[in-house]
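For the single chain, residues carry numbers from 1 onward in sequence order. What you see is a predicted model, and the numbers here were worked out from it, not measured in a lab.
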Amino acid sequence: MSAKVINFGAGPSKLPEEVMLEVQRELLQYGQTGISVIEMSHRSPEYEDLNNSTQQLARKLLNIPDNYSVLFMQGGGTGLFCAVAMNLMSRSGKADYIVTGSWSAKAAKEAARYGKVNMVLPKTDSYIDIPPPSTWKLDPEASYVYYCDNETVHGVEFPDIPDTKGVPLVADMSSNILTRPFDVSKFGVVFAGAQKNIGPSGVVLVIVRRDLLGSPLPITPLVFDFTVFDKDNSLHNTPPTFSVFVMKRVFEWLVKQGGLEEMRARAQKKSSLIYDTIAKSNGFYLCPVKPTVRSRMNIPFRIAGGTELEAKFLRESREQNMIQLKGHRSVGGIRASLYNAITVDEAQTLANFMKEFQKANS
């Protein structure tokens, strides 16, 4: 396999090549410090400037209102499953969870350790649709309503922001943040693990409305306490300095590319290339997700010929330098992840391969 590959991995995923080259150039010396950002004290004025300017870029890209705090935390999305509950559950001891895939299911299971969880939707093992809001069972006394905006395993993405009738809305946007504009003011908390569209793993971007700060459960560890991190400007303990550094470079790249409107247009082009190929395959390729909620980021599909043909597809795609197309271990099949760093040309390469493979194996 040559060095030039197309990484369709679901995370950690591809980063923009321009950013990677810039990081490579700056790795040994950050600015005029004479040292690498990995060696830099998080108490230094240089890192404080990096921390603050990265926050400001996040505010610019996402149009974050002034009454929201921008936090850089650790623990990944899984750590935030408990952090959200511990910071917000004290309002009533109850929370609503809209479970549409494996990640929101795991979040609900974690939250049940800290309070009463109401399952808004009927329990299912088949995540292929989002039932209409008219069927949801929301509790008006819930401390918050939680959902995962894009399920990476099952390929289900919310086309709209849920209306929670004034109850604070919490969204896990780990796999689709920065891919389209959205109204931050409709949320109480938005969080996103970095390793999809933001940067390398190790940091979690958290956006929290400030009126929700100040009432964590007494058992909340300080490293998961939103109020502590807001007070200490995300510098309560040693942050993942390298991850924040790369995150800033990704934010700068996004600004240069045209921001989130441009990312939305590209995401639509890329995902349409793959979904159109599936739709025109006369049943050779099958996507189980209902068309109205199909993810633009993670496209799971099967081959009608069965697992042996899928294994052949994965083997031959690797031979053509397309990697990490294997579906999640819990569902099998094939999955193409089309995050911001994947180009339209790279999505076209996959679509072309899919058509050629069908011709050779029909």
Side-chain angles (χ1 to χ4, degrees), residues 6-11 13-19 58 60-63 100-101 103 127-130 147-162 171-184 186-187 190 192 195-198 205 250-251 253-281 285-301 317 322 324-325 327 333-355:
I6 306 176
N7 180 5
F8 289 105
S13 59
K14 180 184 176 182
L15 289 174
E17 186 174 353
E18 182 180 331
V19 171
K60 177 179 180 179
L61 279 165
L62 292 163
N63 195 25
T100 55
W103 290 112
Y127 299 113
I128 60 172
D129 197 7
I130 301 173
Y147 79 112
C148 180
D149 203 37
N150 182 77
E151 291 278 1
T152 58
V153 173
H154 293 89
V156 174
E157 184 175 28
F158 277 73
D160 303 298
I161 298 173
D172 174 359
M173 292 191 182
S174 292
S175 53
N176 67 345
I177 199 164
L178 301 174
T179 67
R180 62 184 177 186
F182 66 94
D183 186 353
V184 174
K186 292 186 177 181
F187 295 86
V190 173
Q195 65 275 13
K196 322 283 190 180
N197 283 306
I198 298 176
L205 173 65
V250 171
F251 288 169
W253 176 83
L254 284 167
V255 171
K256 284 194 291 184
Q257 297 301 304
L260 304 196
E261 286 289 359
E262 175 63 22
M263 292 303 110
R264 171 161 58 186
R266 293 184 193 181
Q268 186 60 44
K269 287 180 186 176
K270 291 182 290 186
S271 57
S272 293
L273 285 168
I274 307 305
Y275 284 125
D276 288 350
T277 300
I278 293 170
K280 294 174 182 176
S281 70
Y285 297 111
L286 307 166
C287 177
V289 183
K290 297 292 178 64
T292 53
V293 297
R294 283 180 176 173
S295 170
R296 301 161 304 128
M297 296 292 107
N298 311 99
I299 303 178
F301 60 95
S317 62
M322 288 176 282
Q324 298 204 72
L325 281 164
I334 300 161
R335 173 178 54 173
S337 294
L338 307 175
Y339 301 128
N340 281 343
I342 293 289
T343 67
V344 174
D345 285 346
E346 288 171 333
Q348 183 68 67
T349 298
L350 175 59
N352 292 343
F353 171 77
M354 291 171 68
K355 293 168 187 173

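Taken to the nearest 0.5 Å, the OG atom of Ser337 stands 13.0 Å off from the NZ atom of Lys14. Within the model, atoms CZ of Arg266 and CD1 of Ile342 stand 12.5 Å from one another, a figure rounded to the nearest 0.5 Å. We find the CZ-NZ distance between Phe251 and Lys60 to be 12.5 Å, quoted to the nearest 0.5 Å. Annotation: the span from Met297 atom CE to Glu151 atom CD amounts to 14.5 Å, rounded to 0.5 Å. One finds the CZ atom of Arg296 at 10.5 Å from the OG atom of Ser272 (value rounded to the nearest 0.5 Å). Taken to the nearest 0.5 Å, the CG atom of Leu62 stands 11.5 Å off from the CG atom of Asp183.
Side-chain contact between Thr100 and Tyr147 is absent, with no heavy-atom pair separated by less than 4.5 Å. Val293 is not listed as a side-chain neighbour of Phe158, based on a closest heavy-atom distance of 4.5 Å or more. Side-chain contact between Phe8 and Ile6 is present, with at least one heavy-atom pair separated by less than 4.5 Å. When side chains are defined from C-beta on, Ser271 counts as touching Ile299, because their heavy atoms get closer than 4.5 Å. Considering only heavy atoms from C-beta on, Met354 comes within 4.5 Å of Ile278 through its side chain.
For Glu17, the CD atom is loosely surrounded, since the number of other residues' heavy atoms within 6.0 Å does not exceed 12.
Between the side chains of Arg264 and Thr179, no donor-acceptor pair is found at a separation under 3.5 Å. Under the 3.5 Å distance criterion, with hydrogens and angles disregarded, a donor-acceptor pair is assigned to the side chains of Ser174 and Asp172. A donor-acceptor contact closer than 3.5 angstrom is absent between the side chains of Tyr339 and Asn176. Under 3.5 Å, the side chains of Ser175 and Asn150 contain a donor-acceptor pair of N or O atoms.
Of the possible donor and acceptor atoms, one in the side chain of Ser281 sits under 3.5 Å from a partner among the backbone N and O of Tyr285. Judged purely by atom type and a 3.5 angstrom limit, Ser13 uses its side chain to pair as donor or acceptor with the backbone of Lys196.
Classified by interplanar angle (parallel below 30°, tilted 30° to 60°, perpendicular above 60°), the ring pair Tyr127/His154 is perpendicular.
A side chain to side chain contact (heavy atoms under 4.5 Å, CB included) with Ile198 holds for exactly one of Leu254, Ile177, Asn340, Val250; it is Ile177.
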Q. Arg180 and Met263: side-chain contact (heavy atoms from CB on, under 4.5 Å), yes or no, with the steps?
A. CA-CA 6 Å; Arg180 62 184 177 186; Met263 292 303 110; over 6 Å; no
Q. Glu18 and Lys256: side-chain contact (heavy atoms from CB on, under 4.5 Å), yes or no, with the steps?
A. CA-CA 11 Å; Glu18 182 180 331; Lys256 284 194 291 184; 2.8 Å; yes
(Q) One pair to check against side-chain contact (heavy atoms from CB on, under 4.5 Å): Val184 and Phe182. What are the steps and the verdict? (A) CA-CA 6 Å; Val184 174; Phe182 66 94; 3.7 Å; yes
Q: Quick one: do Leu338 and Asn298 satisfy side-chain contact (heavy atoms from CB on, under 4.5 Å)? Show the steps, please.
A: CA-CA 6 Å; Leu338 307 175; Asn298 311 99; over 6 Å; no
Q.
Please determine whether salt bridge (Lys or Arg N to Asp or Glu O under 4.0 Å) holds for the pair Glu157 and Arg294, giving the CA-CA distance in whole Å, both sets of side-chain angles, and the decisive distance to 0.1 Å.
A. CA-CA 6 Å; Glu157 184 175 28; Arg294 283 180 176 173; over 6 Å; no
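Pro300 approaches Pro288 most closely through the heavy-atom pair O-CD, 3.8 Å. Of all the heavy atoms in Leu273 and Ala351, the pair that sits closest is O-CB, 3.9 Å. Across all non-hydrogen atoms, the minimal contact from Arg335 to Val153 is NH1-CA, 3.5 Å. When every heavy atom of Pro16 is checked against every heavy atom of Ala341, the shortest pair comes out as N-CB, 3.4 Å. Residues Cys148 and Trp103 share a closest heavy-atom pair of SG-CB, 4.4 Å. When every heavy atom of Leu260 is checked against every heavy atom of Leu61, the shortest pair comes out as CD1-O, 3.5 Å.
No salt bridge links Asp276 with Lys355; every basic N to acidic carboxylate O contact stays at or beyond 4.0 Å. A salt bridge is defined here as a Lys NZ or Arg NE, NH1 or NH2 lying under 4.0 Å from an Asp or Glu carboxylate O, and Lys270 with Glu346 fails to meet this definition.
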